[in-house]
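First the structure, in the form of structure tokens, and then the observations on it.
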Amino acid sequence: MILKELAEYYNLLLDEGKVGKEGWTEEKVSYAVTIDYDGQVKSIFSIEKKEKRGKKEVLVAAKRMVPVHGVRSGKTPKPYFLCDTAKYILGIWTPSGNEETDKKNKKQAQDYFQASALVHKEILKGSESKFAQGICRFFETWDFEQNKDNFPASWKDIEKSNVIFRFFEDAKEVLEDEEIKDIWDSYNKNSNDGNENRARCLVSGKLAPVARLHPQFRGIQGANPSGAMLVSFNGPAFESYGKEQGDNAPVSQDIANAYGQALNYLLSDKTHNRQIGDATTVFWAKTKKNENGYVDFMSQLLDGADENEEDKLLTVMSHIARGEQTGYMEMELDPEAPFYILGLSPSVARISIRFFYGNTFGKLVSNIQSHYKRLEIESPDYKKKKFPGIRELLYETVNKKSTQKQSPPILSGALMRAVLENRPYPAGIYNNIMLRIHAERSLNRNKAAFIKAYIIKNCTDKKEAVDTMKLNEDTEYVPYVLGRLFEILEEIQVQAIGKETVKDRYFNSASTTPSVVFPQMLRLANSHLAVLRRDKKGMQIYLEKNLSGLCNKIHSNFPKYLSLEDQGIFMLGYYHQQQKRYEKKENKTEITQEQEV
């Protein structure tokens, strides 16, 4: 399913010229070697460009469409055609200061260069192209040891960078020449046609040459920087019936090329991917029209929109969720357009699929809208954003004092699946957030929002007490009332002596074993009310009225203990009552002043 959708997306990208046809791929290139028709090197220079990243400008490698790079494995050199690392193209090596190591590195660089020379001569033999002949002469005449002092280059910087050829007389890159392109296409086709290993492709259903090794992918956080595979059989334990490598799950070479180029494109284009927990998340719309609009809109939903764009985003989201076509950033969005989200995590042997979801864009947005509605909760005035993004929710499971600032890997995938498919939320995130609240004795907007969403979605028999954005003054559900009562007791202490020691001493026990601590806190409150009666008569009356009203809602003894779900409801009662305290209500001040008179 995943390979099929990626392969179909490749065809859309190919029509738009964003990826290369079979046998070609886009690679990052940092340097160009300028040679003349006699193969003599004229210059070696950087083709990197300055790009603004945040407030800084950084040098970024140029992107070029080059002959496809296969998978390198083992110690045997495997050169690429016309675009490769400088070790293959130029035979570069840099001294380390250790005689034995330098001798080994020099020998390896020479072997790599010779292997590259053989491949280029084999592919270009018989061609009368002046470019082809110039490349062959270069490999016949170039000697790194003799030429390394002739160019003012930092060989250490160049050594591991990709290099391409450029001709001095034409000021033209070799891969821009149509004849050179045709030579590669013909060679690549003949190589594939000569593959006798044919089988029924599991993706397309066609009888075709099988890809023995699948493509590698770069850009997945935590994976091997040189590339990691989505499909591989890296040991005999994973092989069956005497088959080796890709024969165990036959996928044709053209499908392997297609899904490989599509996924590498998604990973290299920042508008198509986000990091969510440990998962590098890519997303795409399978449509020829306005694909950037769908992608930009989805990235805003996953990130949590910027406060200046949030209202506009929510308006567009409501239209799409109702199945209405609507405009976003001057682009028309169709709710029926197919949309896909894929989460990839690093693993030892290959890439792990953390989650994959595909549906119409409208259904996907509708599911995210339902998630947003469950998160809706009153927040302090300084919190301009109405909804936290998924990464913000995951961050609430992390100990802020820990050096590890990332949530457990399994949680990110579980939360994404819950949001995208409108399923119950993972208990692991709820448990971790509750642990952080008990450890920190504090409750912020994001934690309260997720607790509310979790209770509504996962505990439907209890959702009535908390299914409200603001304080629910009507419910008599005891855990919620106890949370409100604790906040009033805290305010009484603050008004009386200016301290919040009630929270530090009793918060955890009050939310878990109410019967143990609430009688003690009520006795303490009587002492604080006596102080207020003397110094702040109006405030004493106001708070004592609230205290009595909440106590009257509890028609039996305090519970001996609260379940984990009821602890969350306790937290919401506390949070809602706290936001009520922070409301800027002029009539509250007026009432207090009248009572003092």
Side-chain angles (χ1 to χ4, degrees), residues 374 377-378 427 430-431 433-435 437-438 441-443 447-448 450-496 500-533 539-581:
R374 290 190 290 269
I377 197 167
E378 189 175 27
Y430 179 80
N431 296 345
I433 285 178
M434 293 300 292
L435 284 172
I437 294 172
H438 284 300
R441 295 185 181 85
S442 66
L443 178 63
K447 287 186 177 73
F450 183 78
I451 291 172
K452 173 177 177 277
Y454 181 89
I455 298 298
I456 292 172
K457 185 66 177 177
N458 294 46
C459 311
T460 53
D461 57 325
K462 300 178 180 181
K463 73 175 186 178
E464 186 177 346
V466 300
D467 195 3
T468 174
M469 180 179 173
K470 295 186 177 183
L471 179 66
N472 185 349
E473 298 187 84
D474 298 325
T475 185
E476 294 187 355
Y477 191 67
V478 173
Y480 188 85
V481 175
L482 289 175
R484 294 182 60 195
L485 181 59
F486 186 91
E487 201 284 331
I488 292 295
L489 293 171
E490 181 184 14
E491 185 175 3
I492 289 171
Q493 185 188 55
V494 171
Q495 293 295 334
E500 292 186 353
T501 57
V502 164
K503 181 193 285 188
D504 294 334
R505 292 177 61 187
Y506 300 117
F507 187 75
N508 287 344
S509 51
S511 61
T512 52
T513 54
S515 64
V516 175
V517 295
F518 267 98
Q520 185 178 349
M521 287 193 296
L522 288 171
R523 287 193 294 271
L524 187 62
N526 288 331
S527 301
H528 293 147
L529 287 170
V531 174
L532 289 176
R533 194 174 295 113
M539 182 60 70
Q540 176 262 324
I541 295 172
Y542 173 76
L543 291 175
E544 192 165 21
K545 179 180 177 183
N546 281 329
L547 182 65
S548 300
L550 290 173
C551 288
N552 290 336
K553 289 179 178 288
I554 303 173
H555 304 297
S556 59
N557 295 330
F558 291 112
K560 290 184 177 180
Y561 65 90
L562 297 180
S563 67
L564 195 60
E565 289 78 14
D566 282 341
Q567 289 176 39
I569 295 174
F570 175 99
M571 304 299 180
L572 286 173
Y574 172 83
Y575 177 84
H576 278 147
Q577 189 67 44
Q578 190 178 56
Q579 296 310 307
K580 182 79 172 178
R581 189 211 302 186

Counting distance only, does the side-chain N/O of [X] pair as donor-acceptor with the main-chain N or O of [Y] below 3.5 Å?
{"X": "Ser548", "Y": "Lys545", "result": "no"}
{"X": "Arg484", "Y": "Gln577", "result": "no"}
{"X": "Lys457", "Y": "Arg374", "result": "no"}
{"X": "Gln540", "Y": "Leu529", "result": "no"}
{"X": "Tyr430", "Y": "Leu564", "result": "yes"}

Quiz item: Any side-chain donor paired with an acceptor under 3.5 Å for Glu565 and Tyr454?
Solution: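 The criterion, which ignores hydrogens and geometry beyond distance, is not satisfied for Tyr454 and Glu565.
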Quiz item: Are Ser511 and Met571 close enough that some pair of their side-chain heavy atoms sits under 4.5 Å apart?
Solution: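 Of all side-chain heavy-atom pairs linking Met571 with Ser511, at least one is under 4.5 Å.
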Practice problem: Side-chain contact test, heavy atoms from C-beta onward, threshold under 4.5 Å: evaluate it for Tyr574 versus Glu490 and give yes or no. | Solution: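 A side-chain contact under 4.5 Å exists here.
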Quiz item: Can you say whether the rings of Phe486 and Phe518 are parallel (under 30°), tilted (30 to 60°) or perpendicular (over 60°)?
Solution: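 Perpendicular, since the angle between the ring planes exceeds 60°.
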Practice problem: Under the side-chain contact (heavy atoms from CB on, under 4.5 Å) rule, collect the residues that match up with Ala530, sequence neighbours excluded. | Solution: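 By the side-chain contact (heavy atoms from CB on, under 4.5 Å) rule, Ala530 matches Arg533.
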Quiz prompt | Qualifying residues under side-chain contact (heavy atoms from CB on, under 4.5 Å), relative to Glu378, sequence neighbours excluded | solution =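 With sequence neighbours excluded, Glu378 shows a side-chain contact (heavy atoms from CB on, under 4.5 Å) to Lys470, Gln579, Glu583, given in chain and number order.
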Distance in Å, [X] [atom1] paired with [Y] [atom2], rounded so as to fall on 0.5 Å steps:
{"X": "Ile569", "Y": "Ile455", "atom1": "CD1", "atom2": "CD1", "result": "4.5 Å"}
{"X": "Asp467", "Y": "Asn472", "atom1": "CG", "atom2": "CG", "result": "9.5 Å"}
{"X": "His438", "Y": "Ile433", "atom1": "NE2", "atom2": "CD1", "result": "12.5 Å"}
{"X": "Lys503", "Y": "Asn508", "atom1": "NZ", "atom2": "CG", "result": "11.0 Å"}
{"X": "Arg441", "Y": "Phe507", "atom1": "CZ", "atom2": "CZ", "result": "9.5 Å"}
{"X": "Leu572", "Y": "Leu471", "atom1": "CG", "atom2": "CG", "result": "11.0 Å"}

Quiz item: Which side chain to side chain donor-acceptor pair (under 3.5 Å) pairs, counting each pair once, include a residue from residues 474-483, with sequence neighbours left out?
Solution: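 Every side chain to side chain donor-acceptor pair (under 3.5 Å) pair that includes a residue of residues 474-483, provided the two are not neighbours, is Glu476-His555, Tyr477-Asp566, Tyr480-His576.
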Quiz item: Could you give all pairs that pass the side chain to side chain donor-acceptor pair (under 3.5 Å) test and reach residues 514-532, with sequence neighbours left out?
Solution: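 Output for this query lists Tyr506-Gln520.
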Quiz item: Around atom CG of Asn552, are there more than 12 heavy atoms of other residues, nucleotides or ligands at under 6.0 Å?
Solution: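 Yes, because the 6.0 Å sphere around CG of Asn552 holds more than 12 heavy atoms from other groups.
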Quiz item: Around atom CD of Glu464, are there more than 12 heavy atoms of other residues, nucleotides or ligands at under 6.0 Å?
Solution: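 No, CD of Glu464 has 12 or fewer neighbouring heavy atoms, counting only those of other groups under 6.0 Å.
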Give the minimum heavy-atom separation between [X] and [Y], together with the two atoms involved.
{"X": "Val502", "Y": "Gln493", "result": "N-OE1, 3.0 Å"}
{"X": "Lys447", "Y": "Ser442", "result": "CD-O, 4.5 Å"}
{"X": "Leu489", "Y": "Met521", "result": "CD1-CB, 3.9 Å"}
{"X": "Pro514", "Y": "Pro559", "result": "CD-O, 3.3 Å"}
{"X": "Ile492", "Y": "Leu532", "result": "O-CD1, 4.1 Å"}
{"X": "Cys551", "Y": "Leu522", "result": "SG-CD2, 4.4 Å"}

Quiz item: With sequence neighbours excluded, what pairs up with Lys553 under the side-chain hydrogen bond (donor to acceptor under 3.5 Å, both in side chains) test?
Solution: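 Not a single residue meets the side-chain hydrogen bond (donor to acceptor under 3.5 Å, both in side chains) criterion with Lys553.
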Quiz prompt | Passing option when Ile451 is tested against Ile437, Ile377, Val466 for side chain to side chain contact (heavy atoms under 4.5 Å, CB included) | solution =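 Answer after filtering Ile437, Ile377, Val466: Ile437.
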Exercise. Take Thr513 and Lys560 through the side chain to side chain contact (heavy atoms under 4.5 Å, CB included) test and state the conclusion after the steps.
Key: CA-CA 5 Å; Thr513 54; Lys560 290 184 177 180; over 6 Å; no
Self-check item: Under the salt bridge (charged side-chain N to carboxylate O under 4.0 Å, His left out) test, residues paired with Lys463 that sit two or more places apart
Solution: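 With neighbours one apart ignored, the set is empty.
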Exercise. List the steps and the verdict of side chain to side chain contact (heavy atoms under 4.5 Å, CB included) for Val516 and Ser509.
Key: CA-CA 8 Å; Val516 175; Ser509 51; 5.9 Å; no
Self-check item: Phe558 vs Leu482, side chain to side chain contact (heavy atoms under 4.5 Å, CB included): CA-CA, chis, key distance, verdict
Solution: CA-CA 9 Å; Phe558 291 112; Leu482 289 175; 3.6 Å; yes
